[in-house]
Each structure stands twice: as structure tokens, then as C-alpha cells.
**Q** 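This is the structure, below, for whatever I ask next.
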Number of protein chains: 2
Amino acid sequence: MAARSKPVSSATGPANSRGKPTLRTIADITGLAVTTVSRALANAPQISIETRNRVRQVALDIGYSPDRAAQRLKTGRTNVIAVLLEPHEEILGYGTSVMAGIAKALQGTPYHLIVMPNFLNSANIDAINYIIRNSMADGLIFSRTEPLDPRVMLLSENGFPFVTHGRTELATAHPFVDYDNFTFACEATRQLIAKGRRRLALISGPAGYTFAGHIQHGFMTAVREAGCAYEILSDIDLDSPAGAIRDRIRRRYAEKDSPDGFICGGEVCALATITGMTDCGLTLGLEYDIVAKQTSQLLSAIQPRVGTIYEDLTATGEHMGRILLRRIAGSTEFNELQLLLKPDLPFETQPVSAAD
Amino acid sequence: MAARSKPVSSATGPANSRGKPTLRTIADITGLAVTTVSRALANAPQISIETRNRVRQVALDIGYSPDRAAQRLKTGRTNVIAVLLEPHEEILGYGTSVMAGIAKALQGTPYHLIVMPNFLNSANIDAINYIIRNSMADGLIFSRTEPLDPRVMLLSENGFPFVTHGRTELATAHPFVDYDNFTFACEATRQLIAKGRRRLALISGPAGYTFAGHIQHGFMTAVREAGCAYEILSDIDLDSPAGAIRDRIRRRYAEKDSPDGFICGGEVCALATITGMTDCGLTLGLEYDIVAKQTSQLLSAIQPRVGTIYEDLTATGEHMGRILLRRIAGSTEFNELQLLLKPDLPFETQPVSAAD
DNA sequence: CGATCCATTTAAAACGTTTTCATCATACGA
DNA sequence: TCGTATGATGAAAACGTTTTAAATGGATCG
């Protein structure tokens with residue numbers, strides 16, 4: 001209990017050269033050793049309950065908070081989760097929704113979220129190399145996977161914990177959360193067919209991404225099964241600026257016969273399609289219909305109603321966050337690290353997933 | 001030149017307990033002292049040119065990159081710029097555009113950008129306290145200032161470098177970049193008046209924000225100067241979901257006489273206004289017109305044309321980044337730390353600003 | 001030839017933690 | 001009474017940098 005010999009400085013107030021209180025400050029005030037203070041704050045079992053309380057109280061009083069840099073240096077852990085954010089993902093809040101979900105999953109953990117914007121022309125793979133080399137984070141989340149995604153390969157090789165939004169076709173399994181875009185596209189197509197539409201068109205994600213392939217596959221499946229005419233508008237995609245989509249539609253169907261049903265992978269895309277068709281003198285709900293994937297409220301302002309199938313991006317983010325924490329904690333059980341979310345369809349029940 | 005006595009270990013390969021090469025590894029290989037290696041990599045003038053080159057070469061060969069945690073601990077600098085991101089800012093890529101600009105400004109500097117999402121219900125001020133206490137960054141950027149913004153006060157008191165997007169009415173000056181929303185609103189209103197519109201309505205930003213006040217002020221100024229009828233739709237704003245805006249418009253003007261001109265602070269807002277008015281059987285360009293602030297390409301898909309006045313958010317971000325770097329470097333010259341951007345108007349020339 | 005200076009290089013301390021290994025009472029069983 | 005387990009605390013080393021102060025060995029100079 002009694003302090004042994006120790007160079008007690010002023011024994012009060014912040015004693016740090018930079019002005020911030022440190023473990024040393026608390027040690028001086030309480031007359032304990034730095035070791036003990038560190039342990040008390042870490043809730044180590046060996047520290048007596050009184051000491052622990054006293055230390056915590058002093059820490060609170062002087063407004064102590066641990067130096068993250070020192071902790072990082074010593075432990076090698078950063079307590080940071082990084083999200084790779086790409087420009088196009090922001091359109092209509094993709095990034096926001098996902099990040100909100102991740103933040104939710106991280107709440108109450110020592111981890112916090114940083115977002116690494118990937119704007120400058122640097123390839124995506126550079127950003128990942130940068131994060132690994134500089135130990136910027138303990139785990140990584142990113143989206144828009146490709147079937148043979150080099151990012152996934154790089155991270156897997158390095159044993160760096162990560163979760164993707166989207167599957168790959170790589171041989172080595174990895175943690176992911178994905179939306180069943182095949183089923184989405186099937187169902188969207190069937191809804192149009194049910195409305196009597198027989199000449200269908202697809203505007204999907206940019207070629208090369210896994211999810212775009214799934215959408216196309218689902219579309220083809222439903223279209224063949226009904227035996228109706230179709231086209232895939234492969235020279236425009238979700239990421240195109242609204243104006244470009246509109247122009248493309250207008251020019252394409254100004255003279256030529258147009259489809260009477262569109263499947264759109266996104267909301268801005270649907271909107272632009274409508275205005276392009278209007279340019280051609282064609283009216284939504286009359287000459288044609290649209291079914292689009294919905295991730296925000298934008299289309300609720302559009303009239304007449306566009307058919308929508310919902311993808312919950314915040315839930316996706318939350319799942320990704322939780323899975324990443326599991327991965328960092330050491331789990332390699334892929335049945336709790338992989339999750340395929342089903343579209344909310346009227347007549348199917350949402351299958352219970354592996355993750356809670 | 002000759003290595004004195006030194007415990008040369010294996011003198012090759014990474015010697016770090018964690019597997020990564022450190023300054024020590026390079027020192028062992030070259031036979032130099034750690035100090036010298038550190039200086040060589042920092043381009044210190046006192047190191048001979050040959051030594052410098054040799055060290056750099058070895059560093060490159062073994063793939064050395066400095067431990068950020070150790071650098072942070074020693075220097076107290078983080079080399080990080082933080083951006084506070086709020087959910088609503090993502091709508092139509094506000095966040096993206098600004099961040100792309102900041103990233104551009106940071107290119108080639110040792111700084112890199114992290115984004116702290118501010119989702120969870122925690123008040124904004126908590127996020128800032130957190131950043132200061134934990135030394136998460138060397139500087140901070142955030143937006144949507146209030147006239148008496150508590151965040152600005154807190155940061156100013158703590159001497160923490162920051163730049164805001166938006167002015168305040170606080171007594172103490174601080175670095176900012178702002179768009180001249182007063183002029184924007186004046187001009188937008190005048191454009192409607194020039195089209196012969198005489199019953200005008202404003203849908204502006206959420207009350208409480210500085211920029212919303214400026215818009216309202218500009219609107220009132222132009223409206224009074226022309227002596228026309230007006231209303232301010234204060235129960236809906238930019239941040240409202242599109243569906244809510246549409247409903248609000250529809251219900252309000254279903255029976256009652258509607259305005260013949262709208263000033264909209266944002267694009268989704270303009271879109272929702274159009275559909276709401278369509279619900280009432282009123283046609284854009286015929287019974288009414290709209291002038292909106294444009295920050296993306298969304299409205300380019302809308303027909304007939306909505307009047308727009310452009311705000312360049314990427315440029316804003318770039319200016320904020322540059323100003324923050326100046327501030328961190330120690331500048332207190334407010335004439336190079338504050339910047340008011342003028343809307344791009346047809347008949348006025350853009351005033352050359354203080355910042356490049 | 002000794003003092004002085006310059007250009008390089010180095011040793012060692014420090015940044016604030018965590019962790020390994022002791023230390024020290026006290027209590028306990030024999 | 002003596003070893004020994006036990007429960008609480010402490011000293012010191014380490015993480016990988018940067019920085020202060022010092023050393024080294026010529027070259028220059030009076």
C-alpha cells in the first residue's frame with residue numbers, strides 16, 4: 001500500500017511534455033507504478049479492486065486517454081477498420097448506407113472506422129498495398145468484387161483480414177457478404193413478364209464486376225424461360241452519368257422499336273431511362289414498365305410508380321462489420337464468415353443466415 | 001567510412017520481430033548507425049550524398065517503409081487529415097466530390113485523408129472531442145456550419161487546425177471556404193422573375209445552418225426588390241427524403257393556388273418538386289419554373305430543363321485541403337485562409353481569390 | 001605543431017505504452 | 001518456526017522512430 005521510494009514530481013496536474021496526461025501522470029498522483037496503472041485501466045485480474053477504482057477515478061479526473069500511437073507501437077494492433085471508398089459508390093448514398101451499417105457493428109468495440117477514399121487515379125490494388133505496408137488498419141472492407149479479384153488474392157496471400165461486398169470465383173474461400181443478384185434479376189424480369197411485357201432490356205452494372213454477371217445471368221434465365229425478346233444495353237451501365245444514359249436511350253429508340261420493359265440495376269439509371277423514353281414520346285406505365293433495384297428513397301418521388309426490389313445496404317454493412325470482427329478474432333469458419341442475402345420477395349421467406 | 005565496432009547480426013534480410021524491416025535492419029546491412037539511416041531517408045543535409053543513395057537503395061531493395069506508429073509517437077504528428085462525414089451529405093455525392101478535391105490537394109504531401117463517419121447518434125461535438133483527445137489527426141475539415149457553431153468554438157479554443165465549409169458569425173475568425181449562397185439565391189430568384197414568374201417559393205437548407213440563412217436572405221432580397229408574392233416552405237428542406245418533399249408539395253397545392261416559380265437548394269429536392277407538381281396536374285415550363293443549385297449531373301436527365309446554378313464541390317474540397325495545409329504549417333494570415341467562392345454567373349467575372 | 005573548424009557519423013535518450021520477470025508482504029500448512 | 005503458496009505491486013526492457021549532444025578524423029590556419 002505504501003509507496004516505496006519514488007521520485008514523486010509535483011504529484012498533481014498533467015506532467016507530460018506535450019501537455020497531455022499519461023500513465024506516468026496517474027502513477028505519480030496515486031503513488032503507484034506505471035505498470036500497475038496500466039493494468040488497472042486494462043482491468044487486469046491481478047490488481048486489487050480498490051486500486052483499480054482509485055486509478056480509474058484519477059484517470060477520469062485528469063481526463064486521461066491513452067496514446068493510440070504508443071499502444072499501436074507496442075502491441076502492433078491499430079484498432080482501426082478501413083473501408084475502401086470509390087467515387088461511384090457514393091451516388092445516392094451507397095457509401096453512406098454501408099458505412100452507417102459498419103459503424104453500427106463496431107459500436108461498443110475498441111475498433112473505429114476510417115474510410116480511405118480511392119479517388120486519385122491510383123489503382124485499387126495500390127491502396128491495399130499501402131494499407132498493408134503501413135499497417136493502417138487491422139482489417140479491411142471493400143466492394144464491387146471481380147470474379148478473379150486481384151485485391152482478394154493479394155489480401156489472402158498476406159493473411160490480412162478482410163470482408164468483401166460481393167463474391168469472387170477464386171479457389172480460395174474468403175469472407176464476404178453478398179446480395180443474391182441472380183434472384184433479383186430473375187424476379188425483376190418475371191415481374192415485367194407478368195405485366196405482359198415481352199420485349200425486355202437490361203441495364204446492369206459495369207461489365208467485369210461479379211454482381212453484374214449475376215444480374216445478367218438472372219435476366220437471361222428468366223427471359224429464356226419465358227421465351228421473349230430481349231436486349232442487353234452493354235454500352236451504358238449503372239455508373240454512367242444520368243445525362244449519358246438518357247441520351248443513349250433517346251438516340252437508340254428515337255426511330256427503332258423500343259423495348260416495353262426495362263430492368264435497371266440502380267435508381268438514377270431508372271430515372272434517366274424514364275426521361276430518355278419520354279424524349280421518344282413513350283410513357284411509363286403505358287408503353288413500357290421498369291423494375292429497378294432500390295437502395296434509397298429517390299424513386300419514391302417518381303410517377304408513375306417504378307417497380308422496385310429492395311437491397312438493404314445498411315444491413316449489409318452491419319453484417320460485414322460483424323464478420324470482419326470475427327475474422328480478426330481468429331475465426332476461419334467460413335459458415336460464419338460468408339453470407340448471401342436474399343432479396344425481399346413477396347412470396348418467399350427470407351432464409352435465416354449463418355450470421356446471428 | 002569504416003564501420004566501427006558493432007554487433008552486426010545476420011546483416012541480411014528482415015530482422016524485425018514482427019517480420020517487417022526497420023531502420024535497424026538497414027543499419028545492419030549497410031554497417032551504418034540507425035541515426036544515420038534515419039537521416040539519410042529524411043534527406044538531412046549533413047549526410048553525404050553517397051551514403052544517402054546507398055541507404056535509399058537498400059531501403060528500396062528490402063521494401064522498407066517506416067512504422068507510422070513509431071513516427072507518430074516520437075514526433076507527435078499523425079500526418080493525417082480527418083474529414084467529418086455526415087449521412088445526409090452523401091446524397092448525390094456531396095461527400096464524394098468534396099473528398100475527391102481534398103485528396104487532390106493532399107497529393108504529393110505526406111498527409112493522407114481519413115473520413116470519420118458521424119452516423120451513430122452521437123452529437124457532432126463528441127466526434128471532435130474524440131479526435132482531439134486521441135490525436136487522431138493533425139487537422140480537421142467539416143461542413144454545414146451554424147452561425148454560432150459549437151464545433152468551431154471548441155476547435156478554436158484548443159488551437160486545433162481546421163477548415164470549415166461554410167462561415168460562422170463568431171467573433172473569432174477561422175479558416176473557411178464558402179460558396180456565396182446569398183448571391184446564388186438572389187440570382188436564382190431573378191432568373192425566375194426574368195421569366196415572368198411572380199409568385200415564388202423557396203425550398204432551402206435546414207434551418208439553423210449558416211448557408212440556409214444566406215439563401216433565405218438572398219431570396220428575400222430579390223423578392224422584395226421585385227415586389228412579388230412569395231412563400232418559404234420551411235417545413236421541408238434539402239435533407240428531406242424525396243418522397244416527403246413530393247407529398248408535401250402535392251398536398252399543399254392540390255387545391256390552393258400554387259407558386260409559379262421555385263428556388264430549390266438541391267437537385268433531389270428539385271426532382272421531388274417536379275413530381276409533386278405533376279401530381280397536381282401542373283407542368284414544368286408551362287405553369288411553373290424551377291431554378292436549383294446544381295452539384296451533380298442528376299438534373300441533366302430531367303425534362304424539360306430545370307434552371308441551374310452550379311457549385312463546384314470538388315474545387316471547394318481542393319481549396320479546403322490547401323488551406324488546411326497552410327494552417328498546419330503555421331499560417332495565421334486569414335487572407336490566405338478564408339475564401340468565398342462566387343457562383344458562376346453569365347455576366348459577372350469570377351473574382352480572383354486569395355488562394356492561388 | 002597545436003588549435004580550430006568542418007563534414008560526417010554515432011551513441012543515447014526520449015516518446016507512452018505493454019509485457020516479462022522479479023519482488024515483497026502476508027497467510028498458510030506442516 | 002520454516003518453507004511455500006498467494007495476491008498485489010514494481011523495475012526494466014521493448015516496440016521503431018527522431019533528436020540532442022557528442023565524437024571522429026581530416027583539413028586548415030596561425
Side-chain angles (χ1 to χ4, degrees), chain A residues 1-8 14-28 30-55 59 64-79 110 133-135, chain B residues 1-8 14-28 30-55 59 64-79 110 133-135:
Chain A
M1 187 58 113
R4 248 161 295 273
S5 72
K6 188 169 301 156
V8 170
N16 187 353
S17 67
R18 283 173 199 158
K20 289 197 177 185
T22 80
L23 287 184
R24 186 60 205 268
T25 317
I26 302 180
D28 286 355
T30 56
L32 294 164
V34 172
T35 310
T36 311
V37 175
S38 172
R39 287 207 183 101
L41 292 174
N43 262 327
Q46 44 202 338
I47 301 297
S48 75
I49 190 70
E50 308 98 48
T51 314
R52 210 179 314 193
N53 288 337
R54 192 154 54 100
V55 168
Y64 167 81
S65 61
D67 184 310
R68 320 271 307 205
Q71 288 183 315
R72 274 166 80 145
L73 174 57
K74 186 60 193 163
T75 66
R77 269 174 274 119
T78 67
N79 282 352
R133 283 178 56 113
N134 292 47
S135 312
Chain B
M1 188 56 117
R4 247 163 296 274
S5 70
K6 188 168 301 157
V8 170
N16 187 354
S17 66
R18 283 173 199 160
K20 289 200 177 184
T22 79
L23 286 184
R24 184 59 203 267
T25 317
I26 302 181
D28 286 355
T30 57
L32 293 165
V34 171
T35 310
T36 310
V37 175
S38 171
R39 289 214 180 95
L41 292 173
N43 263 326
Q46 44 202 341
I47 302 297
S48 74
I49 190 71
E50 310 99 48
T51 315
R52 213 180 310 191
N53 288 338
R54 193 156 52 101
V55 168
Y64 168 82
S65 60
D67 183 310
R68 318 264 317 196
Q71 287 182 316
R72 276 166 78 145
L73 174 57
K74 185 56 193 168
T75 65
R77 268 174 274 119
T78 67
N79 282 352
R133 282 178 57 114
N134 292 48
S135 312

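Each chain gets a letter, A, B and so on, in the order its sequence line appears, and its residues count up from 1. What you see is a predicted model; the values in this text were computed from it and never measured.
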**Q** Hey, does A:Val55 have a side-chain heavy atom less than 4.5 Å from the side chain of A:Ile26?
**A** yes

**Q** Which pair of heavy atoms, one from B:Asn79 and one from B:Arg68, lies closest together, and at what distance?
**A** CB-NH2, 3.7 Å

**Q** Start at the 5' end of DNA chain C and walk down; is the nucleotide closest to B:Ile49 or to B:Leu73 reached first?
**A** B:Ile49

**Q** Under 4.0 Å between a side-chain N or O of A:Thr35 and OP1 or OP2 of C:dT18?
**A** no

**Q** Expressed as a whole number of angstroms, how long is the span from B:Arg77:CZ to C:dC15:C1'?
**A** 13 Å

**Q** Output the rounded distance in Å from CZ (B:Arg68) to P (C:dG16).
**A** 20 Å

**Q** Can you tell me which nucleotide in C:dT17, C:dA11, D:dT17 comes closest to the side chain of A:Thr22?
**A** C:dT17

**Q** In whole Å, what is the span from the CG atom of B:Leu41 to the C1' atom of D:dT18?
**A** 12 Å

**Q** To the nearest angstrom, how far is A:Tyr64 atom OH from C:dG16 atom P?
**A** 10 Å

**Q** Measure CZ/A:Arg24 against C1'/D:dA11 and give the value in whole Å, please.
**A** 12 Å

**Q** Does B:Gln71 put a side-chain nitrogen or oxygen below 4.0 Å from OP1 or OP2 of D:dT18?
**A** yes

**Q** For a 4.5 angstrom cut-off between non-hydrogen side-chain atoms, does A:Leu41 reach A:Leu23?
**A** yes

**Q** If I take atom NZ in residue A:Lys74 and atom P in nucleotide D:dG16, what distance separates them, rounded to the nearest angstrom?
**A** 9 Å

**Q** Between the main-chain N or O of B:Ile47 and the side-chain N or O of B:Arg52, is there a donor-acceptor pair closer than 3.5 Å?
**A** yes

**Q** For B:Asp67 and A:Val37, find the nucleotide of DNA chain D closest to each by heavy atoms; which residue's nucleotide sits nearer the 5' end?
**A** A:Val37

**Q** Just how far, in rounded Å, is P of D:dG16 from CG of B:Asn79?
**A** 19 Å

**Q** Give one of base, sugar-phosphate or nothing for A:Ser48, where a contact means two heavy atoms less than 4.0 Å apart.
**A** sugar-phosphate

**Q** Between A:Thr36 and D:dG10, is there a side-chain N or O to OP1/OP2 distance below 4.0 Å?
**A** yes

**Q** Is the shortest heavy-atom distance from the side chain of A:Ser135 to the side chain of B:Lys20 under 4.5 Å?
**A** yes

**Q** When all nucleic acid strands are considered with a 4.0 Å heavy-atom cut-off, which category describes A:Arg39: base, sugar-phosphate, or nothing?
**A** base

**Q** Round to a whole Å and report the spacing from CG of B:Leu23 to P of C:dT10.
**A** 13 Å

**Q** Taking the nucleotide of DNA chain C with the closest heavy atom to each, which residue, B:Ile47 or B:Thr75, is nearer the 5' end?
**A** B:Ile47

**Q** Looking only at side-chain atoms of B:Gln46, point me to the closest of C:dT18, C:dT8, D:dT17.
**A** C:dT8

**Q** Give a yes/no on whether any side-chain N or O of A:Thr51 is located under 4.0 angstrom from OP1 or OP2 of D:dT9.
**A** yes

